[in-house]
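A note on names: the letters A, B, ... follow the listed sequences, proteins ahead of strands, and every chain is numbered from 1.
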Amino acid sequence: MEEQQRYFSRELLRWYLDNRRDLPWRRQHNAYYTWVSEIMLQQTRVSTVIPYFERFITKFPTPTALADAPEEEVLKAWEGLGYYSRARNLQAGAREVKEKYAGVVPNDKAAVASLKGVGPYTTGAIMSIAFNRSEPAVDGNVMRVLSRYFRLHDDIAKPATRVHIEHIARDLIPDGHASDFNQAIMELGALVCTPKSPACLLCPVMEHCAGRLAGEETLLPIKTKAKPPKPELRYAALIEGTGVNKGKLLMRQRPESGLLARMWEMPHILVPKQMSVAGLPDAEAQDMLRGALHQEGLAVLPMERFMDAEHTFSHIHWQMRVFRCSIAEDAAVPEGYAFIGPNDREEYAFPNLFVRLLDAYFGEQEV
DNA sequence: AATACGGGGAA
DNA sequence: TTCCCAGTATT
């Protein structure tokens, strides 16, 4: 092994012992905590995850507790965290651990890798962090740190690059220190070797960092840009209940799979692209909304514009125009719809966009 | 190999 | 605004 590599592993480990953050999932050694935290941390910042992790572990302290919980409760605990299939996959994994491994996360790479929602990174993270096994755990941090340190010009957006860097990372793990080393390299990426302006002068391995020595620390890593989100115009119906449903809004549950699976939303329609370019007059928009909802067995009458709202997902940009609608007190409500009041909100999981709309509506009612 | 899949924080 | 974050599943 080259001196540049031994130096990296030695100095990084030394640095980590002094700079390790005190995080909830590091307070005690528990493979389930490692698993839950790693799933939550996928594409999600540490500061965002911390409160979710605390609540989640309090509510579901063991794999068996998670396995036995109602699915809606798990989804509600995930509300606002995003990538909601993670919640369902995690619970599916917990059920498998309960059934096949007596509720204990197995110290077995193949078994862990086969759990739902656990890919190459998370497999390596669980095996190394929880069981101190010498497996690489290559995430965005690790690709950035190693791209800079070894001055790799491969496009980290390409799957083949992750595989390449996994081999490099595996060779760097000091015998018997996989857990600390893998956390150390990610910690360095999060605290020092940051994406925009890396703090090279604070870096424990700057002396032999090829990227920095070449003056390329801000050029690396190479990453092709993602394409911009596709714009979509949507018309939504804010349907106020009357009689026994006074003070409540009619909401519906999204399908089992796809975007925001099984979460609750305001009934709405996608406006065909041709008509959405210039937008429609309110009268025509309301007529389109009324007709589309009628097709679904919902007889409502759009009355006036309530508000506009926008939301950007990774790949779609929603521009939503919300119309206040009236509905007859004895009107039929199709399967999957429910009247939800301010006191019922804890029973249902909503995507961020509809949390904002509900806040706007119920906030207005209080005043 | 490309695309679907959320949301928020930092610069 | 832009980037991108302790990625995975599906196609």
Side-chain angles (χ1 to χ4, degrees), chain A residues 20-21 23-26 33-53 75 78-90 92-93 112-130 136-145 155-163 165-166 169 179 181-191 193-199 218 221 223-230 254-255 257-263 265 310-318 349-356:
Chain A
R20 177 182 190 273
R21 285 174 291 181
L23 302 174
W25 45 92
R26 286 177 177 167
Y33 292 3
T34 303
W35 180 18
V36 171
S37 66
E38 289 301 339
I39 298 296
M40 287 186 171
L41 286 162
Q42 289 168 6
Q43 300 291 284
T44 312
R45 283 189 161 68
V46 167
S47 58
T48 303
V49 166
I50 289 174
Y52 282 92
F53 178 84
L75 190 59
W78 212 270
E79 182 187 271
L81 198 50
Y83 288 131
Y84 299 101
S85 67
R86 292 184 296 176
R88 166 180 256 186
N89 287 337
L90 180 57
V112 166
S114 74
L115 295 172
K116 295 275 188 300
V118 176
Y121 163 74
T122 307
T123 300
I126 294 173
M127 296 316 293
S128 62
I129 296 173
V138 174
D139 67 342
N141 284 313
V142 176
M143 289 201 283
R144 183 173 59 257
V145 168
D155 182 355
I156 65 167
K158 296 196 179 305
T161 301
R162 199 208 75 239
V163 174
I165 294 182
E166 272 177 354
S179 179
F181 177 78
N182 279 354
Q183 292 179 82
I185 189 168
M186 290 188 276
E187 200 87 335
L188 186 75
L191 300 179
C193 196
T194 51
K196 291 292 175 56
S197 51
T218 54
K223 184 176 185 178
T224 54
K225 281 194 277 285
K227 63 177 189 182
K230 181 178 70 173
R254 292 181 61 84
S257 62
L259 182 69
L260 305 173
R262 299 179 310 286
M263 304 200 67
E265 66 179 6
E310 295 191 19
H311 190 72
T312 306
F313 302 94
S314 320
H315 55 306
I316 308 172
H317 178 82
W318 278 4
F350 303 101
N352 177 277
L353 167 63
F354 295 103
V355 168
R356 295 205 310 271

| Given dA11(B), dC5(C), dA2(B), the nucleotide with the shortest approach to the side chain of K196(A) |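 Shortest atom-to-atom distance from the side chain points to dA11(B).
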
| Nearest-neighbour nucleotide for the T122(A) side chain, dC5(C), dA1(B), dT8(C) considered |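 It is dT8(C).
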
| Want to settle it: does P159(A) or G258(A) sit nearer the 5' end of DNA chain B, counting the closest nucleotide to each? |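 By nearest-heavy-atom nucleotide position, the 5'-most residue is P159(A).
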
| query | Considering heavy-atom distances to DNA chain B, does K227(A) or S197(A) have its closest nucleotide positioned more toward the 5' end? | reply |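 By nearest-heavy-atom nucleotide position, the 5'-most residue is K227(A).
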
| task | Give R26(A) one of three labels, base, sugar-phosphate or nothing, depending on what nucleic acid heavy atoms sit under 4.0 Å from its own. | result |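 Base: the residue R26(A), judged by heavy atoms under 4.0 Å, touches a nucleobase.
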
| message | Over all strands shown, is L23(A) touching base, sugar-phosphate only, or nothing at heavy-atom distances under 4.0 angstrom? | response |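 Base contact - L23(A) has a heavy atom under 4.0 Å of at least one base atom.
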
Once side-chain contact (heavy atoms from CB on, under 4.5 Å) is applied, do any residues pair with [X], and if so which ones, sequence neighbours excluded?
X       : result
R254(A) : L259(A), L260(A), E265(A), H268(A), W318(A)
R21(A)  : L23(A), R26(A), V46(A), E187(A), A190(A), L191(A)
A199(A) : V192(A), L202(A)
T224(A) : D155(A), A157(A)

Report each atom pair, protein N/O against N/O of nucleotides 9-11 of chain C, whose distance is under 3.5 angstrom.
| from | atom 1 | to | atom 2 | distance (Å) |
| --- | --- | --- | --- | --- |
| dA9(C) | OP1 | G117(A) | N | 2.7 |

For [X] and [N], give me the distance from atom [atom1] to atom [atom2], rounded to whole Å.
X       : N      : atom1 : atom2 : answer
L259(A) : dA4(B) : CG    : C1'   : 9 Å
M40(A)  : dT8(C) : CE    : P     : 16 Å
K158(A) : dA1(B) : NZ    : C1'   : 8 Å
F354(A) : dG6(B) : CZ    : P     : 13 Å
Y52(A)  : dA6(C) : OH    : P     : 17 Å
E38(A)  : dG7(C) : CD    : C1'   : 11 Å
I129(A) : dA6(C) : CD1   : C1'   : 8 Å
L191(A) : dC5(C) : CG    : C1'   : 14 Å

Partner residues of [X] under the ring pair (Phe, Tyr, Trp, His ring centres under 6.0 Å) criterion, sequence neighbours left out:
X       : value
Y83(A)  : none
W35(A)  : none
Y121(A) : none

| request: Indicate whether OP1 or OP2 belonging to dC5(B) is found under 4.0 Å from a side-chain N or O atom of H315(A). | output: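 For dC5(B), OP1/OP2 do have a side-chain N/O of H315(A) under 4.0 Å.
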
Spacing of the [atom1] atoms in [M] and [N] (rounded, Å):
N       : M      : atom1 : answer
dG6(B)  : dC3(C) : C1'   : 15 Å
dC5(B)  : dC4(C) : P     : 22 Å
dA11(B) : dA6(C) : P     : 13 Å

| Where is the tightest heavy-atom contact between E166(A) and P120(A), given as atom of each residue plus distance? |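 Result for this residue pair: OE2-CB, 3.8 Å.
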
| query | So, R86(A) side chain and G117(A) main chain: donor-acceptor pair closer than 3.5 Å or not? | reply |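 Checked: no pair found.
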
| query | On DNA chain C, nearest-nucleotide positions of E187(A) versus K225(A): which is more 5'? | reply |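 By nearest-heavy-atom nucleotide position, the 5'-most residue is K225(A).
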
| said: Within the 4.5 Å heavy-atom criterion, are M186(A) and L41(A) side-chain neighbours or not? | reply: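 No, every pair of side-chain atoms sits at 4.5 Å or beyond.
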
| request: Would you kindly check whether a donor in the side chain of R86(A) faces an acceptor in the base of dA6(C), or vice versa, at under 3.5 angstrom? | output: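 No pair found.
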
Every protein N/O within reach of nucleotides 7-9 of chain B N/O, cut-off under 3.5 Å:
| from | atom 1 | to | atom 2 | distance (Å) |
| --- | --- | --- | --- | --- |
| dG7(B) | OP1 | Y84(A) | OH | 2.7 |
| dG7(B) | OP1 | N352(A) | N | 3.0 |
| dG7(B) | OP2 | H311(A) | NE2 | 2.8 |
| dG8(B) | OP1 | N352(A) | ND2 | 3.0 |
| dG8(B) | OP2 | N352(A) | ND2 | 3.0 |
| dG8(B) | N2 | R45(A) | NH1 | 3.1 |

